[in-house]
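Only heavy atoms go into these numbers, but all of them, side chains included; no hydrogens, no water, no symmetry mates. Computed from a predicted structure; not experimentally measured.
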Amino acid sequence: MLDRFFELTGRGTTVGREVRGGITTFVAMAYIILLNPIILAGAKDVTGARLSIAELTTSTALAAAVTTLLMAFIGNAPFGLAAGLGLNAVVAYQAAPHMTWAQAMGLVVLEGAVIIVLAVTGLRTLIMNAIPLALKHAISVGIGLFIALIGLVDAGFVAAGTGTPVQLGATGHLTGWPVTVFCFGLLLMIALFARRVPGAILISIVVTAVLSVLVNTVATIDPRSWGVVTPRVPESLVAAPEFGLVGQFDLFGGFARAGALTATVVLFTLVLSGFFDAMGTIIGVSDEAGLVDQQGRVPRLGRILTVDGVGGVVGGAVSSSANTVFVESAAGVGEGARTGLASVATGALLGLTLLFTPLAAVVPAAAAAPALVLVGALMMMQSKNVPWDDLELAVPAFLTIALMPFTYSITNGVGAGVIAYTLIKAVKGKFAEIPWLLWVVSLIFLAYFGIDWLERLFD
């Protein structure tokens, strides 16, 4: 029954590989259950109110579990969904200062509704299929560099420089136990993966997490050096969830409170970021999983995109911010995940965190980050599919790849690549090679990059 429903044989996978991959995705993205509440609770709304960390933790886990399970059974894809980084920052620092939290979450619900409409009408699929195949491979490579940088920064291996934008470690050298633990985990993971040990990524994360707890117990370490999660044996295994934020949203109140222009700009930013972040992630992770056909198309794409839109609605409805496909799903794909069965495992574990929230505080970035670095290296292999000897494709591909890690945004990379591709084809008079949708998307991205200028113009 599992084989028929999830097409296990057709995608060359097994139940064991899917479960292992799903667990790996969960471990790689579990940090969001702690990080999202910190980001949202760190801001005040227009009235000066703050959201509760405990309630945000429950809402984050609840929305992630529901949307990931929907992806499993509707999209049959190995994608975990949770509150999107970047999207939650828009809610916290762009929306909340101008309206109440309920009104800001109402805009998140509207963002999800707009994306659902784009998906159901097929427009979102048309846009994704209009992206040239070379740029789709470039998106995979860019995401690989992006998640590798996330891992290196989260682990403290790369930090803000004192004369350069970035540098090695916090002082220009590798110092501290967390970085040492990260290096051990990365080397262990590379060694096991090179030896083709089944479950190499998951084994390394578990072993490194245990080592982190031991090191933190016996050594004198500043808890802040571990990042969001300090590895320690939890005082209790079970904590009661708090559902106080569920249903606390106001759909259209933000337009009255902040003004139509400000609310529309926030909504536009949410839709654009959610749309293209998810698009890039879906293409990149699907490409890495071998689920993309020769035309660069993803199976069940319409259903996947619809579920992604539902993630926005669910996230806003429970006040966790918009939920979207997580790029850390690549960690599970690297472990063998190919179908929605992996997402069943991920979603079930996310659901369990509603009761076992203390366990989510055991795995630090030093233990999970090596998976992002290794998977980033694997995704870089897609660069061989980019025709680097063709200037018309090489320049857009390069901008797509470079700007994702350099600007810490998938959307920025996709936008720069699309604009460059359209421009180069146009100035060379090759208008027939530019799908009409790319003109539209290019104009939208120009507005996105110039949003500050537009706000000033119409303010």
Side-chain angles (χ1 to χ4, degrees), residues 70-71 74-77 79 81 84 87 110-140 142-143 267-289 291-313 322 324-325 327 382 385-386 392-393 396-397 399-400 404 410-426 430-449:
L70 287 175
M71 182 62 74
I74 297 176
N76 190 22
F79 301 139
L81 286 82
L87 293 173
L110 291 176
E111 175 260 348
V114 170
I115 290 180
I116 289 173
V117 171
L118 292 174
V120 171
T121 58
L123 182 59
R124 196 176 182 190
T125 301
L126 289 174
I127 292 173
M128 290 184 69
N129 290 337
I131 303 294
L133 182 58
L135 282 189
K136 290 179 178 177
H137 291 308
I139 289 171
S140 299
I143 289 177
L267 181 59
F268 174 76
T269 304
L270 286 169
V271 170
L272 197 65
S273 297
F275 186 111
F276 286 102
D277 262 34
M279 187 194 81
T281 301
I282 290 167
I283 291 174
V285 177
S286 297
D287 199 12
E288 178 64 21
L291 301 179
V292 178
D293 63 22
Q294 293 182 345
Q295 287 74 44
R297 303 188 178 189
V298 179
R300 297 197 181 194
L301 181 58
R303 294 186 180 189
I304 292 171
L305 297 176
T306 300
V307 173
D308 182 69
V310 171
V313 175
T324 188
V325 176
V327 72
Q382 296 296 334
N385 297 316
V386 177
E392 296 178 12
L393 294 172
L399 290 175
T400 298
M404 286 188 190
I410 294 172
T411 298
N412 291 344
V414 175
V418 168
I419 291 173
Y421 176 85
T422 305
L423 174 66
I424 292 173
K425 290 291 186 182
K430 299 182 178 181
F431 296 99
E433 298 181 20
I434 308 174
W436 68 269
L437 269 174
L438 278 192
W439 286 106
V440 176
V441 173
S442 295
L443 290 174
I444 291 173
F445 271 120
L446 286 172
Y448 168 75
F449 287 123

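- Taking CG from Leu110 and CD1 from Ile115, the interatomic distance works out to 11.5 Å, rounded to the nearest 0.5 Å.
- We find the CG-OG distance between Leu423 and Ser442 to be 9.0 Å, quoted to the nearest 0.5 Å.
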Can you check side-chain contact (heavy atoms from CB on, under 4.5 Å) on Trp436 and Phe431, steps first, answer last? CA-CA 9 Å; Trp436 68 269; Phe431 296 99; over 6 Å; no

Does the side-chain contact (heavy atoms from CB on, under 4.5 Å) test come out yes or no for Phe275 and Val114, once each step is laid out? CA-CA 10 Å; Phe275 186 111; Val114 170; over 6 Å; no

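- Residue Ala322 comes nearest to Leu87 through the heavy atom pair CB-CD1, 3.9 Å, listed as atom of the first residue, atom of the second, then distance.
- Note: Tyr448 OH to Ile419 CD1 = 10.5 Å, rounded to the nearest 0.5 Å.
- Side-chain contact between Gln382 and Ile139 is absent, with no heavy-atom pair separated by less than 4.5 Å.
- Between Ala130 and Pro435, the shortest heavy-atom distance links the atoms O-CG, 3.9 Å.
- Summarising the geometry, atom CD belonging to Glu111 is positioned 5.5 Å from atom CG belonging to Leu270; distances are rounded to the nearest 0.5 Å.
- Pairs passing the salt bridge (Lys or Arg N to Asp or Glu O under 4.0 Å) check and including a residue from residues 433-445, sequence neighbours excluded, read Lys425-Glu433.
- Residues Val441 and Ile127 have side chains in contact (heavy-atom distance under 4.5 Å, counting atoms from C-beta outward).
- Between Pro299 and Ile304, the closest heavy-atom pair is O-CD1, 3.6 Å.
- Shortest non-hydrogen contact noted between Ala119 and Gly302 is CB-O, 4.5 Å.
- In this structure, Thr121 contributes its side chain and Leu118 its backbone to a donor-acceptor pair below 3.5 Å.
- Here the shortest heavy-atom pairing between Met279 and Ile131 reads CE-CG1, 4.1 Å.
- Applying the side-chain hydrogen bond (donor to acceptor under 3.5 Å, both in side chains) test to pairs two or more places apart or on separate chains, those with a residue in residues 300-312 are Glu7-Arg300, Arg124-Asp308, Asp308-Thr324.
- Within the model, atoms CG of Leu438 and CD1 of Ile444 stand 11.0 Å from one another, a figure rounded to the nearest 0.5 Å.
- To the nearest 0.5 angstrom, Ser286 atom OG is 3.5 Å from Phe79 atom CZ.
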The test is side-chain contact (heavy atoms from CB on, under 4.5 Å); show your working for Leu305 and Thr125 and say whether it passes. CA-CA 8 Å; Leu305 297 176; Thr125 301; 3.7 Å; yes

Asn385/Lys136 under side-chain contact (heavy atoms from CB on, under 4.5 Å): CA gap, chis, key distance, verdict: CA-CA 10 Å; Asn385 297 316; Lys136 290 179 178 177; over 6 Å; no

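- In this structure, the side chains of Asn412 and Phe449 come closer than 4.5 Å at one or more pairs of heavy atoms.
- If you run side chain to side chain contact (heavy atoms under 4.5 Å, CB included) between Val292 and each of Ile282, Val285, Asp287, Ile283, only Asp287 comes through.
- Contact record, Gly417 with Leu135: O-CD1, 3.9 Å, taken as the closest heavy-atom pair.
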